[in-house]
Amino acid sequence: MAKVLTPRNEDFPRWYQDVVAKAELAENGPVKGQQVIRPTGFALWERMVSEMDDRIKDTGTENASFPLLIPQSYMQREAEHVEGFAPELWTVTHAGGKQLEEPVVVRPTSETVIGEYMAKWVQSYRDLPLLLNQWCNVMRYELRTRLFLRSSEFLWQEGHTAHATYEDAHAFTLRILHEVYADFMENVLALPVLTGLKTAAERFAGALNTFACEAMMRDGKALQMGTSHELGQNFAKAFDIQYLGSDGKQHHCWTTSWGTSTRMVGGLIMGHGDDSGLRVPPRLAPVQAYVMTVKAGDGVGEAAAALHAGLRDAGVRSRLDDRTDVPFGRRAVDAELKGYPVRIEVGPRDLAEGKAVLVRRVDGSKTPVGLDSVTEAVTQALEADQQALYDEALRFRSDNTTDVGTLAEAVEAAGTGFARLAWSECGLEGEAKAAEQGVTVRCLQRADGTVPDSDQEPDLVAVLARAY
RNA sequence: CGGGACGUAGCGCAGCUUGGUAGCGCACCCGCUUUGGGAGCGGGGGGUCGCAGGUUCAAAUCCUGUCGUCCCGACCA
């Protein structure tokens, strides 16, 4: 078979670009760092949005929409926040052909505008918690960009909540991390993620603590897939988000914010893809089953259409390809590039035996299946392959995670994967030193892998890796 | 933003050293034969050579600048 993609082990970044291009996921926009997401890529994002949105709403959070443009003065109200985002801001200085009196910034994130409105909407402890989310685009100026992984404009979801107490805000931050983010990533994206606490160096600008989900890509590098921040009372004080408590006194709220972006599409590609292209986990897949005619023949088109209809009736997201003007090989290769979990091939030879061929993307296996049992076989395959992808990714991560005793060993091990080192052995100095060699502390965990409440806990483990 | 490489048709590239009317493969269009793993043959369309200056009778080719892309760093979802 002709080589369609640069092999992963030959040049991983090139392989990634090849997949993005050949699977028709996205391409560069006309302005530096921007991206055009094509229908095949956007369909993946839409499925992510759908699954994530359900989980977000299950926490009682409601969607709303806030403006793209933010007064520059808002950004400046929280000192660390401005400082952290200043290098990434896009600023609008003109409108209607005239210079603006106060420049406005294009949102890099919306803590500030939303904080302003939270302050209006929260009056009493009875208004709490206030749980908001918005799906939108944000812009951050970036020096080095890569499709999906880092672009100047990207799509995301940002949740913003206000709570009466520290405990409630803290608990909610972790609830989002586990019940929404990690749950979605592991059960839908089939990507095992480490959940942990970010070090001060990696913390969100203006946050008390940042928690994150980190996944391992197939080149051993880490990708931060989502973050959940407890903002303490920093923004509440900057934006005067106060409530009257049952004690008759005014109190500042405790706020949180949390986000996941189109970067997850990049994670999906690099977490599951192989030398033939994308491999999309069935629960996520916009197209789960791809029914294709192999070649023209008596009753072939009809049989394929019937199988397609049967699958749809059974709730399978099926697509029919009955084209006869494109050779079989090209269509098969294309289906593999796009990572459709299963393919049903129907040709005259199969029909003569009353069968179709079930091809599974995960392992490439081909199994003849009686026409009557195609739907059942597909359903079972989808179920099994969702698990197979997760298991494979988990195994890869375990095989490439090393427990080490010194910083030097950690940096060495991070060349191929994750290194686990006692935080007491690493420390802020070790973190800075590793950073010089392109290795960062991805997160801090307790020895048993659970998420610490703060970096002051004893016996924490630092996970070090190279990262995207 | 520093270091390196590269911008020639939608994609991948040759041509540049030694200036002289722009080429190849794939993709695209038409026809016929094909369709069980990127089909074959024949015919055809498409590029002010990233952009702007300069040198020259003449610039894809030489010079300067600029923009963009990729890789490595610094900054980051």
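Numbered from 1 within each chain, the chains take letters A, B, ... in sequence-line order.
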Legend entry - Stepwise salt bridge (charged side-chain N to carboxylate O under 4.0 Å, His left out) check, A/Glu24 with A/Lys22: CA-CA 5 Å; A/Glu24 302 175 336; A/Lys22 296 274 177 72; over 6 Å; no

Inset, instruction - Give the nucleotide from the list B/rU35, B/rG68, B/rC70 with an atom nearest to the side chain of A/Lys32. - result: B/rG68

Inset, instruction - Kindly confirm or rule out a cation-pi arrangement of A/Arg263 over A/Phe154, judged by NZ or CZ under 6.0 Å from the six-membered ring centre and within 45° of its axis? - result: no

Inset, instruction - Identify whether any heavy atom of A/Thr440 sits under 4.0 Å from a base atom; if not, whether one sits that close to sugar-phosphate; answer base, sugar-phosphate or nothing. - result: nothing

Inset, instruction - For A/Arg203 and for A/Gly33, find the nucleotide of RNA chain B with the closest heavy atom, then tell me which residue's nucleotide is more 5'. - result: A/Gly33

Inset, instruction - Test for a donor-acceptor pair under 3.5 Å between the base of B/rG36 and the side chain of A/Asp350, counting only N and O atoms. - result: yes

Legend entry - Candidate nucleotides B/rG36, B/rC71, B/rA77, ranked by approach to the side chain of A/Arg349 - the nearest: B/rG36

Inset, instruction - For A/Tyr290, check side-chain hydrogen bond (donor to acceptor under 3.5 Å, both in side chains) against everything at least two apart and list the hits. - result: A/Asp321

Inset, instruction - For the side chain of A/Leu143, starting at C-beta, report the closest nucleotide among B/rG38, B/rC70, B/rC1. - result: B/rC1

Inset, instruction - Report which part of the nucleic acid A/Pro327 touches: base, sugar-phosphate, or nothing (heavy-atom distance under 4.0 Å, all strands). - result: base

Inset, instruction - Specify the residues of residues 177-200 of chain A, ordered by number, for which at least one heavy atom lies under 4.0 angstrom from an atom of RNA chain B. - result: none

Inset, instruction - Indicate, with a heavy-atom threshold strictly under 4.0 Å, whether A/Ala467 touches base, sugar-phosphate, or nothing. - result: nothing

Inset, instruction - Report yes if a donor N or O on one partner sits less than 3.5 Å from an acceptor N or O on the other, where the partners are the side chain of A/Lys366 and the base of B/rG37; otherwise report no. - result: yes

Legend entry - Residue pairs involving residues 43-58 of chain A (criterion side chain to side chain donor-acceptor pair (under 3.5 Å); sequence neighbours excluded): A/Arg47-A/Glu51, A/Glu51-A/Arg55, A/Asp53-A/Lys57, A/Asp53-A/Asn63, A/Asp53-A/Trp135, A/Arg55-A/Asp183

Inset, instruction - Could you tell me whether A/Arg14 sits above the aromatic face of A/Tyr16, with NZ or CZ closer than 6.0 angstrom to the six-membered ring centre and within 45 degrees of the axis? - result: no

Legend entry - Interface with RNA chain B, restricted to residues 214-228 of chain A and to heavy atoms under 4.0 Å: A/Gln224

Legend entry - Sugar-phosphate, base or nothing in reach of A/Arg146, heavy atoms under 4.0 Å: sugar-phosphate

Residues 266-273 of chain A, side-chain donor-acceptor partners within the protein, below 3.5 Å, at least two apart:
unit_1, atom_1, unit_2, atom_2, d
A/His272, NE2, A/Leu189, O, 2.7
A/His272, NE2, A/Ala190, O, 3.2

Legend entry - Presence of donor-acceptor pair under 3.5 Å, side chain of A/Arg343 and base of B/rG37: yes

Inset, instruction - Look at all strands and tell whether A/Gly347 reaches a base, only sugar-phosphate, or nothing, counting heavy atoms closer than 4.0 Å. - result: base

Inset, instruction - Consider the side chain of A/Val4, meaning its heavy atoms from C-beta on, and name the nucleotide among B/rG36, B/rA74, B/rG38 that approaches it most closely. - result: B/rG38

Inset, instruction - Using only side-chain N and O atoms of A/Arg330, determine if any of them is under 4.0 Å from OP1 or OP2 of B/rA27. - result: yes

Inset, instruction - Could I get the full list of ring-ring contact (aromatic ring centres under 6.0 Å, His included) partners for A/Trp423, not counting sequence neighbours? - result: none

Inset, instruction - Indicate, with a heavy-atom threshold strictly under 4.0 Å, whether A/Val138 touches base, sugar-phosphate, or nothing. - result: nothing

